**Student:** 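Sharing a structure, written as structure tokens. Questions coming.
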Amino acid sequence: MSDSDDDIALSKRARVKDEDFSVDVSSQNSRGVTAADSDDEALVTVSRKTKKSKAPKRAATNGDSKQPPKKKLKSSSTTSKKTAPSKSQVKKEVKKEGTPTPAREGTPKEEDGDGDDGIYKWWENQQDDDSIKWETLEHNGVIFPPEYEPLPTHVKMFYDGKPVNLPPAAEEVAGFYAAMLETDHAKNPTFQKNFFKDFLKVLEESGGCNASITDFDKCDFTKMFNYFEAKKEEKKNMTAAEKKKIKAEKEKFEEPYKTCLLNGRKEQVGNFRVEPPGLFRGRGAHPKTGKLKRRVYPEDIILNLGKDAKIPDPPPGHSWGEVRHDNTVSWLAMWRENISNSVKYVRFAANSSLKGMSDYKKFEKARELKNHIERIRKDYRVMLKDQLMLNRQIATATYLIDVFALRAGGEKSDDEADTVGCCSLRFEHITLSPPNTVIFDFLGKDSIRFYQEVEVDLQVFKNLKIFKRPPKVPGDDLFDRIDPSVLNKHFQKYMPGLTAKVFRTYNASKTMQDQLDLIPNEGTPNEKVVKFNAANRTVAILCNHQRTVSKGHETAMQKINDKLKEMMWQKIRLKKMMLQLDSKLKKKKPKYFEELEDLTREDEATIHKNLIAREHEKYEKKFKRENDKRAENKEELLPKSQLKEWNNKVKELEKQYAKELKSGKPVVPDNATLEKLEAQVEKLEQRIANTMLQMKDKEDNSQVALSTSKINYIDPRLSVMFCKKYDVPIEKVFTKTLREKFKWAIESVDENWRF
DNA sequence: CCTACGACTTAGTAGTTGATCT
DNA sequence: AGATCAACTACTAAGTCGTAGG
């Protein structure tokens, strides 16, 4: 049963349909299906993947969080952890706090590339070497989260029905959990277990409390939860002026941290706030989810800035862990987090020149692949039949990466969620269905499910079958001879800098270009944007970018559906009127009147009911509104009889509908003519078509996230080109932040640019 | 060589804000 | 004017990939 609990994140997600999956691999079926070559059996199998000594692998099924008992070949590596600060001697010079710092450097040292407006247009003069990231760098350090403030004494955690006096440190941790009480995380057993363990540890370290706490189930956090909720409410109910004031103060305080000076030029900093402590929200079935993410202090922080830059003052009573001057990296500060002992960086914002340059390079690299992709595809098709197992695996993996946009799939350790990419696919992740259908079903990055039933090249199918051959069993690697580095080394031969991820970028942008090419230049800008988004969606589907369906989605859909039905009813009603004006019409245009029977009597009755209810409501509101206004103006109120009068009108209508339901003959208005009715039908049809489109769009989008591909995969110059070519304001496709991030693209291409 | 890990990109979601509806 | 919802931003987790260092 705990398994199903771990599935929470998954169950919210409906599966993505793969029917409209469209990939551009023009070559996919171009070379006719080749006959089975008989030497599959004779495959040369040298040099097994070295990591082969692996444990029997994790349990096979998706979403199963159970890990096999830990066994590691790398158990010896534990030693390396504490000794970290002693590598890379060259780069680091520890600057003792208080060291007198010379005057600052490099202010507006005018360089070429600065536009007239003083904005640095780096894209107008590119340099190739990016091993040196900056000449001078000044910044003001980072913002720390506020210290913990104990709760009021009446707000307590309860244990076994009794209030507990927790030391502040433990109370803080309990509070982290309490605040999340209603989330899925809090219901996840792994999360609870990890949280509770860390909570008890902190409790013990901070001196314990008046109760002996041993049982998670006896902890009651509701009082704390309610308190937090009330606080939230309070905050929400502040007056606009109060909110504004608080915001302004925050703004002012953060001001110095928001920007830095890079080579004397002002640039935005991205995440200048140090991550606050909390409970680790690992995604999917992460073994460490719920663990306490500890507070970060200045002593944990390593600053990186120019030699001559002023070292920002650490918070009073504290000192920086270290100060470095490494201009081969682009981070401003870093610290080590305690969950996986990995590093967190404070970096430049997405709109910075450094980020922009590397973004630009990324897309140029992907474009360069255009010149090689044909040969690569030709080669891997041949290599699919290579005698060497190693080469077959390389070719097959390349195929999967190219055609289905899989990620490389590096090896993961046992204390992370069990997710895979191409090279780490296992036996149980694909099902083969002859003659050439493959069903992929696995959890990829972020534990997002990748489910697709697809037809593949026959030789690929055969190879996959070989890769699954006994003695392999569930848990075994499909690609046991290769890993991402083998693949990437292979790719280098075709093009310097070519790696697995470049294929994703290339195919995404190529797909976008192709989709945009299909859009006719007609209609309103809004209509064109809809088409643009559809193209964007194709890319998102290719990359399997998903999102959880929003809470209100179902009801919102229902609403639109109701509206749609009502319009249908109206249309049918109009047609019925037409028949009353000219009964011979039905014979003349049978097709036109075919749909008269589409609505059932029950449907019609509900529509009537809803309509009537809405009318009543409308008048009630009108009455109230009108009287409120009059009361305010000290005017005479509308009499109750007025409301009654209105309601009587509605009742009339109701009667009329009832009659109509019986007879099937709506009352034809006096001034109606065939032409007028026909025109009205036409209009309705237009509206219905529109709404249907809207509905489809909404439904299609409910599970697909467009933003990820727009931000990371689609060359922004494509979007700019589209806007210029089709006369669509750029604001319609890029938000303000994206416009800033992609300024280089916006200012550098015209309507003829191609990916 | 191989592996661990540092540095960077890519990813979905929580929280906030602004627009729209009622 | 308040509620509701969609859009956008902020946040931080989770990938990829190259390379330092054994």
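Lettering of chains follows the sequences in order, A, B, ..., and the numbering in each one begins at 1. What's counted below: heavy atoms across the whole structure, side chains too, no hydrogens, waters or symmetry copies. From a predicted model like this one, the values you see are computed outputs, not experimental measurements.
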**Student:** Whole angstroms only, please: what is the NZ-P distance between A:Lys412 and B:dA4?
**Tutor:**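 These atoms are roughly 16 Å apart.
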**Student:** Could you tell me the separation between the NZ atom of A:Lys501 and the P atom of B:dA7, rounded to a whole number of Å?
**Tutor:**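 These atoms are roughly 17 Å apart.
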**Student:** Go along nucleotides 4-13 of chain C 5' to 3' and tag each nucleotide: B for a protein heavy atom under 4.0 Å from its base, S when only backbone or sugar atoms are that close, - otherwise.
**Tutor:** --S-SS-SBS
**Student:** Starting at atom CZ of A:Arg504, determine the distance to atom C1' of B:dT10, rounded to an integer number of angstrom.
**Tutor:**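 Going from CZ in A:Arg504 over to C1' in B:dT10 covers 8 Å.
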**Student:** In whole angstroms, how far is the C1' atom of B:dA11 from the CG atom of A:Leu542?
**Tutor:**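 Between C1' of B:dA11 and CG of A:Leu542: 16 Å.
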**Student:** Can you tell me if A:Lys235 has over 12 outside heavy atoms packed within less than 6.0 Å of its NZ?
**Tutor:**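 Check fails, neighbour count at 12 or below.
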**Student:** Considering the terminal five base pairs at each end of the helix from B:dC1-C:dG22 to B:dT22-C:dA1, what angle separates the two local helix axes, rounded to 10°?
**Tutor:**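 End-to-end axis angle: 0°.
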**Student:** Salt bridge or not for A:Glu337 and A:Lys293, using N-O below 4.0 Å?
**Tutor:**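 Not counted as a salt bridge, because no side-chain N and carboxylate O are separated by less than 4.0 Å.
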**Student:** For a quick check under 3.5 Å, do A:Asn351 and A:Thr737 share a side-chain donor-acceptor pair by atom type?
**Tutor:**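 Short answer, no.
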**Student:** Assess whether a salt bridge exists between A:Lys288 and A:Asp198, defined as any Lys/Arg side-chain N lying under 4.0 Å from an Asp/Glu carboxylate O.
**Tutor:**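 Here A:Lys288 does not pair with A:Asp198 in a salt bridge, since their nearest N and O are not under 4.0 Å apart.
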**Student:** Can you tell me if the side-chain N/O atoms of A:Lys133 get under 4.0 Å from OP1 or OP2 in B:dC8?
**Tutor:**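 For B:dC8, OP1/OP2 do have a side-chain N/O of A:Lys133 under 4.0 Å.
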**Student:** Tell me yes or no: between the side chains of A:Glu411 and A:Ser424, is some donor less than 3.5 Å from an acceptor?
**Tutor:**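 There is no such pair between these side chains.
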**Student:** Could you check how far NZ of A:Lys710 sits from C1' of B:dT9, rounded to whole Å?
**Tutor:**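 It works out to 19 Å between those atoms.
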**Student:** Whole-Å distance between C:dG15 P and A:Phe442 CZ?
**Tutor:**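 Checked: the CZ to P distance equals 12 Å.
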**Student:** Go nucleotide by nucleotide along DNA chain B from the 5' end; which of A:Ser709 and A:Met334 gets its closest nucleotide reached first?
**Tutor:**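 First, find each residue's nearest nucleotide; the 5'-ward one identifies A:Met334.
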**Student:** Can you identify which nucleotide, out of B:dC8, C:dG15, B:dT13, has its nearest atom closest to the A:Arg547 side chain?
**Tutor:**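 From the listed options, B:dT13 comes nearest.
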**Student:** In residues 247-255 of chain A, what donor-acceptor pairs under 3.5 Å come from side-chain atoms, sequence neighbours left out?
**Tutor:**
from, atom 1, to, atom 2, distance (Å)
A:Glu251, OE2, A:Lys258, NZ, 2.8
A:Glu254, OE2, A:Arg273, NH1, 2.1

**Student:** Measure NZ/A:Lys235 against P/B:dT17 and give the value in whole Å, please.
**Tutor:**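 Atom NZ in A:Lys235 sits about 9 Å away from atom P in B:dT17.
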**Student:** Rounded to the Å, how far apart are A:Asn544 CG and B:dT10 C1'?
**Tutor:**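 Interatomic distance, CG of A:Asn544 to C1' of B:dT10: 14 Å.
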**Student:** Counting neighbours of NZ on A:Lys743 that are heavy atoms of other residues, nucleotides or ligands and sit closer than 6.0 Å, is the number greater than 12?
**Tutor:**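 For A:Lys743, atom NZ is not crowded (no more than 12 foreign heavy atoms under 6.0 Å).
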**Student:** Given A:Asp418, which of A:Arg283, A:Lys412, A:Arg426 fulfils the salt bridge (charged side-chain N to carboxylate O under 4.0 Å, His left out) condition?
**Tutor:**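 In the set A:Arg283, A:Lys412, A:Arg426, the residue that makes a salt bridge (charged side-chain N to carboxylate O under 4.0 Å, His left out) with A:Asp418 is A:Arg426.
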